[in-house]
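The residues of the chain are indexed from 1 along the displayed sequence. Everything numeric here is computed off the predicted structure, so don't read it as measured data.
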Amino acid sequence: MKPSFDLNAVKSIIGTHDDLWRWEEAKACYDPEFVKLFSYDYLLSVNDLVCFDSKHLKSSAKAMEAIKNEPVVYALAWYYYYVLYIRAEFDMHQSNPYIPIPRLKTGNAVIDNSFGLCVDLAAVKFARERYQRLGIPECYLKDVLQDFNNWIGYFENRYGTFGFDRENWVMHHLQLTLFRVGRLQFEMRKFGRTAIVFKKKQSDEVIAIANSGILVRADGLIDGTNEVWDPKFMTHVKVTQEGYHGFRLDPRGYITDETVFLPYSDWEIALKPGDNILSIHIPKNGSFAPENLVDSLKAGPDFYNKYLPWYHPKALVSGTWLFEDQLADMLGEQSNIVAFQRMFYRYPERSSDAAFKQFAFFDPDIDFLTVKPKTSLQRKIVELYKNGGKLHTSGGFLLI
């Protein structure tokens, strides 16, 4: 199979007028051996890691064959494989441009629904070799690649056909910027701009203040949350010769209008915007018992210290619907979700209720006022919305 590097034809099937980053370089570096990664035999060789059943193996092989039979699509598959995996050899010490794999518009549903899946599957061999070079046991790769089956299942449940639309999520697993360690996944990221975190020098006491320039509503949430715009005040941080002045963050996830003074003599910055963090993600499968979460929260940093010791994360951070403060009243203090909340110092994000639709109802298009709830949590969410309430995602950190 020979690819066709017709850039105009490529642009038409991805719906862009822009040039593709390093396209000519990818064209010049095309490796004829790439075709071997688009075969049923290759899928069998990595199935000990992705754990597809016979149905998913055959569907994936069918999509790979369809891509190989379309020279322009096949060239595009090589391009994304090259720039996302081969070219970078993803030097994790550097920042590389984020290049998402697009949804194609070829008119062939087999290709359009599975193009990203096939590119990601081709990179499993690449990831396996990098794990080996870093001395990371292969069981960690097998654990994190459970997301293939999780999201194929989600696609099938939603659309009634084989496909995959989380190619730009699993990409991080294969680039070795995200690992599953125990119950949770840990991704190398930078801390966002909402908060500055201080730790008392003589104790473990922690206080966070809001960064400058944030418009805050009367309810303590960032203006624009749930598309509600009604600012009450703007935050600012004042730095003097004696210390820091700023608006205190309530650990439940709100910005207060209370200003605090943190003198240099007693307090030091423990976490600031741009610092290395481990962003926590919660995969679908596995127990949510607090003891499993605690074990994983400890094991994640230990994993990075052992296998990626250059990284030096300062905190565990997550932005999740599970940090919504109203869940405590809805679920009660005995809830595992509430126990997870209590492990973190939470802070607000400008966000929406989209994650509740995605993960509590498994349908991003539902209407809370008309959907028929099937679980106790769904019933409580619907009741809250019928009473005029709204839910949102919040952030939270745990210093390492």
Side-chain angles (χ1 to χ4, degrees), residues 92 131 134 136-137 139-147 150 169 172-173 176-192 194-200 203-208 249-253 269-273 275-325 327-328 331-349 355 359 393-400:
M92 293 178 287
Y131 267 66
L134 291 169
I136 303 174
C139 60
Y140 289 103
L141 181 57
K142 183 176 181 178
D143 283 348
V144 79
L145 292 185
Q146 292 179 55
D147 273 359
N150 290 341
W169 169 243
H172 301 298
H173 310 13
L176 278 66
T177 59
L178 183 152
F179 300 86
R180 180 166 180 171
V181 187
R183 179 62 182 88
L184 304 170
Q185 296 171 340
F186 301 86
E187 181 185 9
M188 292 184 281
R189 296 283 294 273
K190 300 293 185 181
F191 190 51
T194 301
I196 304 172
V197 181
F198 294 81
K199 186 176 181 296
K200 203 163 191 179
S203 71
D204 292 330
E205 184 179 355
V206 173
I207 290 180
L249 291 178
D250 185 318
R252 296 175 301 165
I269 293 179
L271 179 66
K272 64 184 184 301
D275 281 348
N276 286 352
I277 61 163
L278 293 178
S279 179
I280 296 170
H281 306 281
I282 306 160
K284 177 181 177 181
N285 50 317
S287 168
F288 210 65
E291 57 269 23
N292 292 337
L293 301 174
V294 170
D295 289 346
S296 187
L297 290 171
K298 180 181 183 301
D302 289 346
F303 173 93
Y304 275 83
N305 287 338
K306 182 174 182 179
Y307 297 110
L308 304 165
W310 53 265
Y311 184 61
H312 303 302
K314 291 190 175 181
L316 303 171
V317 178
S318 187
T320 172
W321 65 280
L322 300 176
F323 285 167
E324 161 65 80
D325 190 46
L327 287 175
L331 301 176
E333 290 295 328
Q334 301 305 311
S335 162
N336 287 343
I337 290 176
V338 176
F340 183 60
Q341 288 185 352
R342 299 289 189 260
M343 299 176 193
F344 291 79
Y345 193 125
R346 287 169 283 158
Y347 57 87
E349 296 179 335
F359 297 110
T393 293
S394 290
F397 68 83
L398 176 64
L399 295 178
I400 295 175

Is it the case that more than 12 heavy atoms not belonging to [X] sit under 6.0 Å from its [atom1] atom?
| X | atom1 | result |
| --- | --- | --- |
| Asp204 | CG | no |
| Glu291 | CD | yes |
| Lys199 | NZ | yes |

Check Phe186, Tyr140, Phe179, Trp310 against Tyr304 for a ring-ring contact (aromatic ring centres under 6.0 Å, His included) and give me the one that passes. Phe179
Measure from the side-chain N and O atoms of Gln341 to the backbone N and O of Glu324, and report whether any donor-acceptor pair falls under 3.5 Å. yes
Please check if the side chain of Thr177 supplies one atom and the backbone of Glu187 the other of a donor-acceptor pair under 3.5 Å. no
What heavy-atom pair brings [X] and [Y] nearest, and what distance separates the two atoms?
| X | Y | value |
| --- | --- | --- |
| Ser318 | Phe323 | O-CE1, 3.5 Å |
| Ala195 | Pro273 | O-CD, 3.5 Å |
| Tyr345 | Leu249 | OH-O, 2.5 Å |
| Leu184 | Pro283 | CA-CD, 4.2 Å |
| Asn292 | Arg183 | O-CB, 4.1 Å |
| His173 | Val144 | CD2-O, 3.3 Å |

Between atom [atom1] of [X] and atom [atom2] of [Y], what is the distance when rounded to the nearest 0.5 Å?
| X | Y | atom1 | atom2 | answer |
| --- | --- | --- | --- | --- |
| Lys272 | Ile196 | NZ | CD1 | 9.5 Å |
| Asp147 | Arg180 | CG | CZ | 8.0 Å |
| Ile337 | Trp321 | CD1 | CH2 | 4.5 Å |
| Thr320 | Glu349 | OG1 | CD | 9.5 Å |
| Leu145 | Asn150 | CG | CG | 11.0 Å |

Under 4.5 Å between any side-chain heavy atoms of [X] and [Y], yes or no?
| X | Y | result |
| --- | --- | --- |
| Pro313 | Ile400 | yes |
| Arg189 | Val317 | no |
| Ile136 | Leu141 | no |

Partners passing salt bridge (Lys or Arg N to Asp or Glu O under 4.0 Å) against Asp250 (at least two apart in sequence or in another chain): Arg252
Mind running side chain to side chain contact (heavy atoms under 4.5 Å, CB included) on Leu176 and Leu308 for me, showing each step along the way? CA-CA 10 Å; Leu176 278 66; Leu308 304 165; over 6 Å; no
Contact list for residues 279-299, test ring pair (Phe, Tyr, Trp, His ring centres under 6.0 Å), sequence neighbours left out: Trp169-His281, Phe288-Phe340
Is there a side chain to side chain contact (heavy atoms under 4.5 Å, CB included) between Val338 and Arg342 once you walk through the steps? CA-CA 6 Å; Val338 176; Arg342 299 289 189 260; 3.8 Å; yes
Walk me through whether Lys190 and Asn276 qualify under side chain to side chain contact (heavy atoms under 4.5 Å, CB included). CA-CA 5 Å; Lys190 300 293 185 181; Asn276 286 352; 2.5 Å; yes
For Tyr311 and Leu278, run side chain to side chain contact (heavy atoms under 4.5 Å, CB included): C-alpha distance rounded to whole Å, both residues' side-chain angles, the deciding distance at 0.1 Å, then the answer. CA-CA 10 Å; Tyr311 184 61; Leu278 293 178; 3.8 Å; yes
With Phe397 as reference, evaluate Val206, Ile280, Ile277, Leu316 under the side-chain contact (heavy atoms from CB on, under 4.5 Å) test and give the passing residue. Val206
